[in-house]
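Before any comments, here is the structure.
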Protein chains: 2
Amino acid sequence: MASRMRADAQRNREQILCAARDVLVAEGVDAALDEIARRAGVGIATLYRRFPNREALLQGVAVDILSRMVEAFDRVRAAQTDPFEGLRLFMHAAVDLRIGAIMPALSGRFTVEGALSGAGRDPLRELQQLLGEAQEAGLVRGDVLVGDVTLMVIRLSRPLPGDVVPQDRDIAHRQLEIYLDGLRPAAARERAIRLPGPAIGFAWFNKIRERIAARD
Amino acid sequence: MASRMRADAQRNREQILCAARDVLVAEGVDAALDEIARRAGVGIATLYRRFPNREALLQGVAVDILSRMVEAFDRVRAAQTDPFEGLRLFMHAAVDLRIGAIMPALSGRFTVEGALSGAGRDPLRELQQLLGEAQEAGLVRGDVLVGDVTLMVIRLSRPLPGDVVPQDRDIAHRQLEIYLDGLRPAAARERAIRLPGPAIGFAWFNKIRERIAARD
DNA sequence: CCCCAGATGGATGAAATCTCTCCGCTTGCT
DNA sequence: AGCAAGCGGAGAGATTTCATCCATCTGGGG
């Protein structure tokens, strides 16, 4: 069905999705659709033809991001690096994909299941596994959970507020590197006290998903 | 002049500033003033009497945050801890003060100078000094600059998007602890490559300030 | 304890913004 | 070359936000 689209239409669709990622991550779920269209360099009508309403667009963005995520994962696996390096590559990819854009979309605005089945696999589960491998190999400190990875990546994928800051993306990648250094076992060894706050694992995300599902 | 205000008015003013911090950091500079008033538990008229326009409110928030920042700094200095611990306390305080709220406000919406003179001192300069002390004492890795501290704190002070996430604040503090571990020298020692991206020092911030000033 | 200047909240009209459709023109594909 | 699919932008209608006005209330000085 996608291949039956005219080439220019296909291209426009992709540009819309890309612009939507940027705008959603900057302004949240309620971002003006006009701006997304403008940023994509297409008319507003084009956006509406491709995605009949806001929800469809959010869903489209989520599927797009999640499947690119899965692709990134396969690339990382294929590269056969050690697990820490894999984690590093994956997190940088997630920042570039602006994964934070799907986060607000999860607020019951569309079904997570739909987006996941669209992507085919669940990146969160695969990340969980990768993190486990890195910890077993002694390359990542034992007291962090998958949430410590994902939620930081979500933060880093948003632009700094006020758009006064040039090189926003590069700054995020630099901060990610420092955070990654904080994930190493040596970093934990100098701690005086235990890591505070809510330790967020896989189960936590399931609880959130359930809560969202319950909103219907 | 502040003391000549009636007690309830004073209290309301503080509640408005506090609510404004939360809303600004969540929604950006263009947040609806109605919501700030509602969140503060006061009528919209009360907000307008205290701050005749949006700009005045932004300025008020900035002065409030910056002066609390200076106070936090004095508390840290008075505690006589080692410089790393000082940095730690200061960063946690900045997250709690929602310092990200003043960032978008810097986009030429009011004068930074005004806010700084309102606070009396420049927290950025003091932070710069504290960081230097920590590095000289060998407690913080040498390849980070003041921007690596401030810009992460700004990120951490914003709530995660979509407000699906409970315990938002606690998560930020936990992530800050991991980031702090990444700032230790031992964390840097395992690096294969140099820290990438733009190294952001004191001069960089001055350049931003100049650019904003030039917008007038 | 009384009194009123100063403080309060919410209604309100004007203005801005956003959503979504309609329609005449353009363009990729066979 | 023909035409079906695609396109952009205008604009009506709905919604949101701004900023003011005014009738009522109350803290605290005398």
Side-chain angles (χ1 to χ4, degrees), chain A residues 1-61 101 104-105 107-110 163, chain B residues 1-61 101 104-105 107-110 161-163:
Chain A
M1 47 165 64
S3 54
R4 290 193 60 93
M5 243 192 290
R6 245 166 65 173
D8 55 340
Q10 179 70 37
R11 196 177 336 116
N12 279 338
R13 197 191 125 94
E14 274 161 29
Q15 272 166 329
I16 288 169
L17 283 175
C18 181
R21 278 202 315 234
D22 286 342
V23 174
L24 285 179
V25 97
E27 324 222 341
V29 236
D30 299 321
L33 299 186
D34 307 34
E35 198 192 328
I36 293 177
R38 191 163 37 74
R39 197 89 83 102
V42 303
I44 181 69
T46 302
L47 188 152
Y48 271 96
R49 189 166 324 98
R50 226 41 79 199
F51 305 96
N53 50 51
R54 177 181 295 272
E55 198 173 321
L57 178 61
L58 294 178
Q59 179 102 10
V61 169
S107 333
R109 302 293 277 264
F110 72 99
D163 65 300
Chain B
M1 46 163 64
S3 54
R4 292 193 58 92
M5 243 191 291
R6 242 166 65 172
D8 54 342
Q10 178 71 38
R11 196 176 338 115
N12 279 338
R13 196 191 124 95
E14 273 162 30
Q15 271 165 328
I16 289 170
L17 283 176
C18 181
R21 278 203 315 234
D22 287 342
V23 174
L24 286 179
V25 97
E27 324 221 343
V29 235
D30 298 321
L33 299 185
D34 305 36
E35 198 192 327
I36 294 176
R38 190 163 36 78
R39 199 93 79 103
V42 304
I44 183 67
T46 303
L47 188 152
Y48 272 99
R49 187 166 328 93
R50 224 44 77 200
F51 305 97
N53 50 50
R54 178 181 295 272
E55 197 173 321
L57 178 60
L58 293 179
Q59 179 101 13
V61 168
S107 334
R109 303 292 277 266
F110 72 99
D163 64 300

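In what follows, every heavy atom counts, from backbone to side chain, and hydrogens, waters and symmetry copies are set aside. Quick note on labels: first sequence line is chain A, next is B, and so on, each numbered from 1. Predicted model only: the values in this text are computed from it and were never measured.
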Open item on the list: For B:Gln10 and B:Glu14, which I'm curious about, is there any donor-acceptor pair between the side chains at under 3.5 Å?
Closed with: yes

Open item on the list: With nearest nucleotide decided by heavy atoms, which residue, A:Asp8 or B:Asp8, maps closer to the 5′ end of DNA chain D?
Closed with: A:Asp8

Task: Below 4.0 Å: OP1/OP2 of D:dG8 and any side-chain N or O of A:Thr46 - done: yes

Task: pair A:Ile16-A:Arg13: side-chain heavy atoms closer than 4.5 Å - done: no

Task: Bounds of contact between DNA chain C and chain B, in 5' to 3' order, using a heavy-atom cut-off under 4.0 Å - done: C:dG6 to C:dA11

Task: Close side-chain approach of B:Leu57 and B:Arg54, heavy atoms under 4.5 Å - done: no

- [ ] Figure out the CG/C1' separation between A:Asn12 and D:dG9, and round it to whole Å.
- [x] 15 Å

Task: Nearest-Å distance for atom pair CZ/C1', residues A:Arg11 and D:dA5 - done: 15 Å

TODO: To the nearest 0.5 angstrom, please state how far the CG atom of A:Leu33 sits from the CD1 atom of A:Ile44.
DONE: 5.5 Å

- [ ] Output the distance between atom CZ (A:Arg39) and atom CG (A:Leu47), rounded to the nearest 0.5 Å.
- [x] 13.5 Å

Open item on the list: Just to be sure I understand the rule, does B:Arg50 reach a base, reach only the sugar-phosphate, or reach nothing, if contact means heavy atoms closer than 4.0 Å?
Closed with: sugar-phosphate

Task: Exercise: identify the closest heavy-atom pair between A:Arg21 and A:Ala101 - done: O-CB, 3.8 Å

TODO: In whole angstrom, give the distance that lies between atom CG of B:Leu47 and atom C1' of D:dT17.
DONE: 13 Å

- [ ] Specify the separation, in whole Å, of atom CZ of A:Arg38 and atom P of D:dG8.
- [x] 14 Å

- [ ] Grab the two heavy atoms, one from B:Val23 and one from B:Ala31, that are nearest each other, plus how far apart they are.
- [x] CG1-CB, 3.5 Å

What's touching nucleotides 19-22 of chain D from the protein side, N or O pairs under 3.5 Å?
| from | atom 1 | to | atom 2 | distance (Å) |
| --- | --- | --- | --- | --- |
| D:dA19 | OP2 | B:Tyr48 | OH | 3.4 |

- [ ] Kindly give the heavy-atom pair with the smallest separation between B:Ala20 and B:Val61, and that separation in Å.
- [x] CB-CG2, 3.6 Å

Task: Axis bend over the full length of the helix from C:dC1-D:dG30 to C:dT30-D:dA1, computed from five pairs that close each end, to 10 degrees - done: 30°

Open item on the list: For A:Gln15 versus A:Ala40, what's the shortest heavy-atom pair and its separation?
Closed with: O-CB, 3.6 Å

